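Remember, it's a predicted structure, so these values are computed and weren't measured experimentally. Lettering of chains follows the sequences in order, A, B, ..., and the numbering in each one begins at 1.
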There are 2 protein chains.
Amino acid sequence: MSPEQPSPRIRKSPEQVRSAVHQAVIDLLSDPEGADLTIPAIAQRAGVNHTSIYRRWGSREALLADVVTTRLERDWPLKDTGSLRGDLIAWAEAGVASIRTPEGRLLIRAVALSMPGSHTAQGERAQQFQRRIAAIESIRERAAGRGESPPSLEQILDQLIAPLYLRAIFGIDPPASGYPELLVNRLLGGAPGA
Amino acid sequence: MSPEQPSPRIRKSPEQVRSAVHQAVIDLLSDPEGADLTIPAIAQRAGVNHTSIYRRWGSREALLADVVTTRLERDWPLKDTGSLRGDLIAWAEAGVASIRTPEGRLLIRAVALSMPGSHTAQGERAQQFQRRIAAIESIRERAAGRGESPPSLEQILDQLIAPLYLRAIFGIDPPASGYPELLVNRLLGGAPGA
DNA sequence: CTCGCGAAGCAAATATCTGTGCTTATGATG
DNA sequence: CATCATAAGCACAGATATTTGCTTCGCGAG
């Protein structure tokens with residue numbers, strides 16, 4: 001069957017391990033069968049020895065946090081569009097795009113998730129969320145620097161972040177079109193002033 | 001130490017078991033140390049044998065769902081105040097009150113939580129959330145019956161439910177006062193028309 | 001080219017969780 | 001008061017996950 005050698009041992013390099021494990025987490029997370037995200041399962045899927053994972057990441061929590069951070073910062077970046085409205089819409093668009101994929105949903109849900117991970121859970125999760133909040137803060141600061149007066153963080157939290165996260169966590173599809181604009185219009189008021 | 005007998009076996013009645021187990025789940029959930037919510041841990045905390053839990057609830061998912069449902073429906077009930085605005089504010093107030101207690105936060109978070117519960121997880125969780133949605137739907141229907149024209153479910157989701165859930169899940173305190181009214185005013189528009 | 005450090009793989013031990021058969025207390029029923 | 005169904009507790013077995021000691025490869029420094 002396998003065109004490969006019956007090779008007794010092909011050792012992966014550290015980078016290969018990292019990459020394979022990350023991918024395995026994503027795969028299992030996306031798996032509609034709801035495969036359980038245990039270290040042994042991840043290891044098998046990634047084709048690495050489970051001890052490699054235990055030793056490198058120490059816990060599932062830490063691994064999850066690593067994967068989530070990496071992916072989220074890649075898929076949900078900040079853009080500088082030159083205006084507050086533009087920045088917020090861009091951010092919301094990236095969010096909506098993320099939410100539309102099963103992978104993205106699960107990823108975001110994983111931030112809120114955790115369960116039997118004990119104490120580290122809280123810390124890691126909070127940190128992830130803090131990172132997202134920090135992104136929003138930098139948008140506000142840029143706006144303030146341009147002389148615009150951005151809404152309070154609370155307002156953005158309630159009207160922009162919350163709807164996106166809720167939908168991600170509970171798997172509710174966002175409206176088919178114009179959703180980012182809708183949210184931002186509600187937040188900033190009526191029509192695109194600038 | 002213990003003023004009790006070294007009693008070889010004091011068997012709890014089914015109701016005592018149910019009550020003790022529920023309380024144990026709440027306790028562990030509230031525990032800042034982030035104790036892991038495993039059946040054996042819950043059993044020990046409740047002072048019951050773990051097999052009693054396995055046999056009665058079958059899985060951690062089912063147990064969690066039971067506890068959450070029970071508590072949530074007790075602490076976050078629906079009231080009929082006679083107006084859409086009143087109903088929504090009452091609902092939001094109950095939510096805010098819930099969110100202010102560590103227990104309430106964790107409870108709501110538990111709805112979104114779960115993780116290594118595999119497939120059943122999705123179903124149970126979705127059901128919990130559906131129940132909450134149904135509550136909102138009934139508010140809308142009552143309003144429609146009175147001739148009022150309630151906002152769409154989507155709008156309520158985005159502007160009322162989402163902010164509360166987000167804060168519960170990530171442990172963000174709601175504004176000190178007037179928050180329920182603030183949310184409902186945003187949703188229904190300006191001032192209390194009636 | 002050789003040496004040596006860091007990390008992957010292997011195997012086996014340990015700890016935990018999950019589930020089963022059986023005994024026996026508890027509370028309801030007649 | 002006697003009987004009986006239900007469910008709790010106990011002991012133990014099976015399956016998984018977690019951890020550790022040791023070996024061996026890959027790769028860069030000298």
*Residues forming a side chain to side chain donor-acceptor pair (under 3.5 Å) with R105(B), sequence neighbours excluded*: none
*N/O (side chain, S13(A)) to phosphate O (OP1/OP2, dG26(D)) under 4.0 Å*: no
*Side chain of N49(A) (C-beta onward), nearest among dA7(D), dA7(C), dC10(C)*: dC10(C)
*Five pairs at each end of the helix from dC1(C)-dG30(D) to dG30(C)-dC1(D): take the axis at both ends and give me the angle between them to 10°.*
20°
*For Q44(A) and dG9(C), what is the distance between atoms CD and P respectively, to the nearest whole Å?*
14 Å
*Which whole-number value in Å describes the distance from K12(B) NZ to dC10(D) P?*
10 Å
Identify all pairs in which a protein N or O lies below 3.5 Å from an N or O of nucleotides 18-22 of chain C, and state each distance.
residue	atom	partner	partner atom	Å
dT18(C)	OP2	Y54(B)	OH	2.8
dT18(C)	O5'	Y54(B)	OH	3.2
dG19(C)	O6	H50(B)	NE2	3.1
dG21(C)	O6	R55(B)	NH2	2.3
dC22(C)	N4	R55(B)	NH2	3.2

*When you check the phosphate oxygens OP1 and OP2 of dG9(C), does a side-chain N or O of S52(A) lie under 4.0 Å from one of them?*
yes
*Once you round it to whole Å, what is the distance between C1' of dA17(D) and CG of D36(A)?*
11 Å
*Looking only at side-chain N and O atoms, does R56(A) come under 4.0 Å of OP1 or OP2 in dA8(C)?*
yes
Could you pull out all donor-acceptor pairs under 3.5 Å where a side-chain atom in residues 39-51 of chain A meets a protein atom, sequence neighbours excluded?
residue	atom	partner	partner atom	Å
R45(A)	NH2	D27(A)	OD2	3.4
N49(A)	OD1	T51(A)	N	2.9
N49(A)	OD1	T51(A)	OG1	2.8

*Can you find a heavy atom in the side chain of S149(B) that is under 4.5 Å from one in the side chain of L84(B)?*
no
*asked:* For the residue pair T81(A) / D87(A), report whether a side-chain donor-acceptor contact shorter than 3.5 Å exists.
replied: yes
*Is the shortest side-chain N to carboxylate O distance from E103(A) to R71(A) below 4.0 Å?*
yes
_ring-ring contact (aromatic ring centres under 6.0 Å, His included): pairs with one or both residues in residues 86-110 of chain A, sequence neighbours excluded_ = W76(A)-W91(A)
_Between C1' of dG6(C) and CD of E15(A), the distance in whole Å_ = 15 Å
*L37(A) CG - dT16(D) P separation (whole Å)*: 17 Å
*Please state how far atom CD in Q16(A) lies from atom C1' in dG9(C), giving the value in whole angstrom units.*
14 Å
*Side-chain contact test, heavy atoms from C-beta onward, threshold under 4.5 Å: evaluate it for L164(A) versus I108(A) and give yes or no.*
no
*Expressed in angstrom and rounded to an integer, what is the separation of R11(A) atom CZ from dC5(C) atom C1'?*
13 Å
*Point-to-point distance, once rounded to the nearest 0.5 Å, from CG of L29(A) to CG of L107(A)*: 6.5 Å
Without placing hydrogens or testing angles, list every side-chain donor-acceptor pair under 3.5 Å for residues 168-184 of chain A, not counting sequence neighbours.
residue	atom	partner	partner atom	Å
Y179(A)	OH	R167(A)	NE	2.7
Y179(A)	OH	D158(B)	OD1	2.8
Y179(A)	OH	D158(B)	OD2	3.0

